[in-house]
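Everything on this sheet refers to the single structure shown next.
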Number of protein chains: 2
Amino acid sequence: MWKMEGDETISTEKENVIVDDIMRQIANQTLKPGTKLPSEYVLVEKYRVPRMTVRNALMKLEEQGIVYSKQGKGRYLKEESKHIDLHLTGKISFTDKMKQLGYDLTTKNVYCEEIPFDAKIYRILQAVEGDTIFKIGRLRYINGEPVAIHNSFVSETNFPVIGKDGPAIESMFAYYRQLGYEEFSSNKTLLSTTFPTVFEQELLACKSMVPLIVVESNCIDGKSEKLLEYTKILYRSDKFQYDITMD
Amino acid sequence: MWKMEGDETISTEKENVIVDDIMRQIANQTLKPGTKLPSEYVLVEKYRVPRMTVRNALMKLEEQGIVYSKQGKGRYLKEESKHIDLHLTGKISFTDKMKQLGYDLTTKNVYCEEIPFDAKIYRILQAVEGDTIFKIGRLRYINGEPVAIHNSFVSETNFPVIGKDGPAIESMFAYYRQLGYEEFSSNKTLLSTTFPTVFEQELLACKSMVPLIVVESNCIDGKSEKLLEYTKILYRSDKFQYDITMD
DNA sequence: ACACAACAACTTGGCGACAAGTTAAGCTTG
DNA sequence: CAAGCTTAACTTGTCGCCAAGTTGTTGTGT
């Protein structure tokens, strides 16, 4: 017989009840985007709890990016951006998918750096501890908003000038094509979730409790079966609806 | 040029820095599962912030299910359960997948109820407003732990005794086979994330900020092309690693 | 010397008081 | 009568104080 993880305190339970109620009002459109939420004082009266309990509940909604506040003014329900349909399991690259769907996709290289030894990454890339591996991070914008961080891990063994070229690469596929590789595929794609680090919150312009969808895959040249890179993409889960239908 | 959603207060920034530091210590195994975290007082001294800021940071980790606390005793890093590999895009049913992998999977029917009109669900099920649709909820346990809520939406039009049969159904596929349907497929599978409601937190025995992976799909009989049900599964994202490799 | 009780120190839980920002209403002056 | 200023009310932001639980140390009694 299972039991509840770490017993919940009374006030945490009340916080969650308040969160539930507000989420329900959002879902049934009693509360509409852009409109003002009841003030802390009003909720204190309604639920008969200390102001701290109400505040914590509202802070949870803020950290999830659902609500924003202005001191002296109030709290407001954020406009919800339309979900972008993303076919996670298709063969088309992210760039092409977005263009197909008519989105304005841009890319910004944010870092290209040698990473310290990481057993998992080295194993996937079939590298040994002395090898140099670069992590190339590119921030993806759709309609001017950052929506994903695209990390490519590439071994210097396979691409000796990747460290020099990395900061200017806008499309990894284009880079590989230029080097003679033409057919890209993956034989392993894993999905998990995480919360953004402070740095990722900055890059993605999101709050700390917006879950990120993490998609990890290897990228193989179809012809030579050569492992080109290990890819780790962090998507803002609130910006996308993911289609994982098999083609 | 994009801008940060709702400006972050100074103390929220500090909270997130503290969360980051602790997460990093967990990741590099400086902090090990089961061990005690530094006390609030110690963190107050280390970061030179009010105790409230430290508390809020630690509460975030608690709500994510990473840490638990005991009044007068301390806060501890939870033992992390081993991730279960789940092939989201394969053709095998969840039941068969889990058995294949050697997990002890059990199912508990938690509700079978008529749902009010919901435009989206009725559209997917090709039902009209007067039709009766049942929502059958089954809680999935692996090794005794609740890990997923499996919701099947079934129209009474297609299955007139679903309301009566629903509470005792352990396998929807077995139920459909019994009625002569043999080949199940889906032509649309969508994935998104959400946070659990209070009720879902109870069912899944998880904290409020554990993201749930929501997988929605239609279920079609391969032979007759008949739409059998609309399926919505809520997975605890922290219990699984999802394989979305295409077969 | 051992056991028990009391007290102090450490730890987390709960909440109110004060600070700072915004807006509206009322009063005064031109 | 209108405009501007001041004050009050409303709203969110910040933080310390007190309560409750746990553990360790010290002192006293047998």
Side-chain angles (χ1 to χ4, degrees), chain A residues 4-19 21-22 25 31 34-78 201 207-209, chain B residues 3-19 21-22 25-26 31 34-78 201 207-209:
Chain A
M4 178 74 83
E5 292 174 338
D7 291 336
E8 220 161 48
T9 61
I10 297 298
S11 52
T12 314
E13 285 175 22
K14 286 169 177 169
E15 284 164 29
N16 290 330
V17 165
I18 296 171
V19 166
D21 283 1
I22 295 175
Q25 290 173 43
L31 271 174
T35 61
K36 198 175 166 200
L37 268 66
S39 71
E40 291 175 13
Y41 168 75
V42 165
L43 295 173
V44 163
E45 296 286 285
K46 178 179 174 180
Y47 292 97
R48 302 191 192 294
V49 294
R51 191 184 152 214
M52 221 43 227
T53 303
V54 164
R55 258 187 81 68
N56 287 341
L58 296 170
M59 296 296 280
K60 280 180 182 174
L61 295 172
E62 284 195 45
E63 287 306 312
Q64 293 178 31
I66 292 163
V67 146
Y68 67 95
S69 68
K70 202 73 175 88
Q71 182 178 1
K73 217 177 167 69
R75 280 195 172 82
Y76 302 84
L77 182 65
K78 272 183 187 173
Q201 289 166 46
K207 307 295 278 191
S208 65
M209 296 290 190
Chain B
K3 61 185 186 297
M4 177 77 84
E5 295 175 336
D7 291 335
E8 217 160 49
T9 61
I10 297 297
S11 51
T12 315
E13 287 175 23
K14 286 169 175 168
E15 285 164 29
N16 290 332
V17 165
I18 295 170
V19 166
D21 283 359
I22 295 174
Q25 290 172 44
I26 295 169
L31 271 174
T35 61
K36 200 176 164 199
L37 269 67
S39 70
E40 291 176 13
Y41 168 74
V42 165
L43 295 171
V44 163
E45 297 285 286
K46 177 179 176 182
Y47 292 97
R48 301 191 193 294
V49 292
R51 189 183 152 215
M52 220 44 228
T53 305
V54 165
R55 256 182 79 71
N56 288 342
L58 295 171
M59 296 296 278
K60 281 180 180 175
L61 294 173
E62 284 193 46
E63 286 306 314
Q64 293 179 31
I66 293 165
V67 145
Y68 67 94
S69 68
K70 202 77 174 85
Q71 183 178 1
K73 216 177 167 69
R75 281 192 170 83
Y76 301 83
L77 182 63
K78 273 185 187 172
Q201 288 167 49
K207 307 295 276 190
S208 65
M209 296 291 190

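In what follows, chains are A, B, ... by sequence order, proteins preceding strands, each numbered from 1. Just so we're clear, the structure is a prediction, and the values are computed from it rather than from any experiment.
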Can I get a per-line list of side-chain donor-acceptor pairs under 3.5 Å for residues 41-49 of chain B, giving both atom names and the distance, sequence neighbours left out?
residue : atom : partner : partner atom : Å
B:Y47   : OH   : B:D21   : OD2          : 2.8

How many whole angstroms separate atom CG of B:N56 from atom C1' of C:dG14? 13 Å
To the nearest 10 degrees, the angle between the two end axes of the helix from C:dA1-D:dT30 to C:dG30-D:dC1 (five pairs per end) comes to 40°
When rounded to whole Å, the CD to P distance for the pair A:E15 and C:dG14 reads 9 Å
Within residues 41-50 of chain B, find the residues that approach DNA chain D with a heavy atom at under 4.0 Å, and present them sorted by residue number. B:P50
Point-to-point distance, once rounded to the nearest 0.5 Å, from CG of B:L37 to CD1 of B:I22: 5.5 Å
Presence of B:S39 side-chain N/O under 4.0 Å of C:dC10 phosphate oxygens OP1/OP2: no
Distance-minimising heavy-atom pair for A:L31 and A:L77: O-CD2, 3.8 Å
Rounded distance (nearest 0.5 Å) linking atom CG of A:N16 with atom OG1 of A:T53: 11.0 Å
Base contacts versus sugar-phosphate-only contacts with protein, heavy atoms under 4.0 Å: please encode nucleotides 17-22 of chain C as B, S and - from 5' to 3'. B--BBS
List for me each residue that meets side chain to side chain donor-acceptor pair (under 3.5 Å) alongside A:S11, sequence neighbours excluded, and say none if there are none. none
Looking across every strand, which nucleic acid part, if any, lies under 4.0 Å from A:R55 by heavy atom: base, sugar-phosphate, or nothing? base
For B:S208 and B:Q201, test the side chains for any donor-to-acceptor distance below 3.5 angstrom and give the result as yes or no. no
Criterion side chain to side chain contact (heavy atoms under 4.5 Å, CB included) on A:K73 and A:K36, from CA distance to verdict: CA-CA 9 Å; A:K73 217 177 167 69; A:K36 198 175 166 200; over 6 Å; no
Do any side-chain nitrogens or oxygens of B:S11 fall under 4.0 Å of OP1 or OP2 in D:dT14? yes
B:E40 CD to D:dG21 C1', in whole Å, measures 13 Å
How close or far is atom C1' of C:dT11 from atom CZ of B:R75, stated in whole angstroms? 9 Å
Residue set satisfying salt bridge (charged side-chain N to carboxylate O under 4.0 Å, His left out) with A:E40, at least two apart, ordered chain then number -> A:R51, A:R55, A:R75
Without decimals, in angstroms, what is the distance between B:Y76 OH and C:dC10 C1'? 12 Å
Could you walk me through whether A:M52 and A:N56 pass side chain to side chain contact (heavy atoms under 4.5 Å, CB included), step by step? CA-CA 6 Å; A:M52 221 43 227; A:N56 287 341; 3.9 Å; yes
Presence of A:S69 side-chain N/O under 4.0 Å of D:dG13 phosphate oxygens OP1/OP2: yes
Steps toward side chain to side chain contact (heavy atoms under 4.5 Å, CB included) verdict (B:M209, A:K60): CA-CA 9 Å; B:M209 296 291 190; A:K60 280 180 182 174; 3.4 Å; yes
Do you know the tightest heavy-atom contact between B:G65 and B:K78? O-CD, 3.2 Å
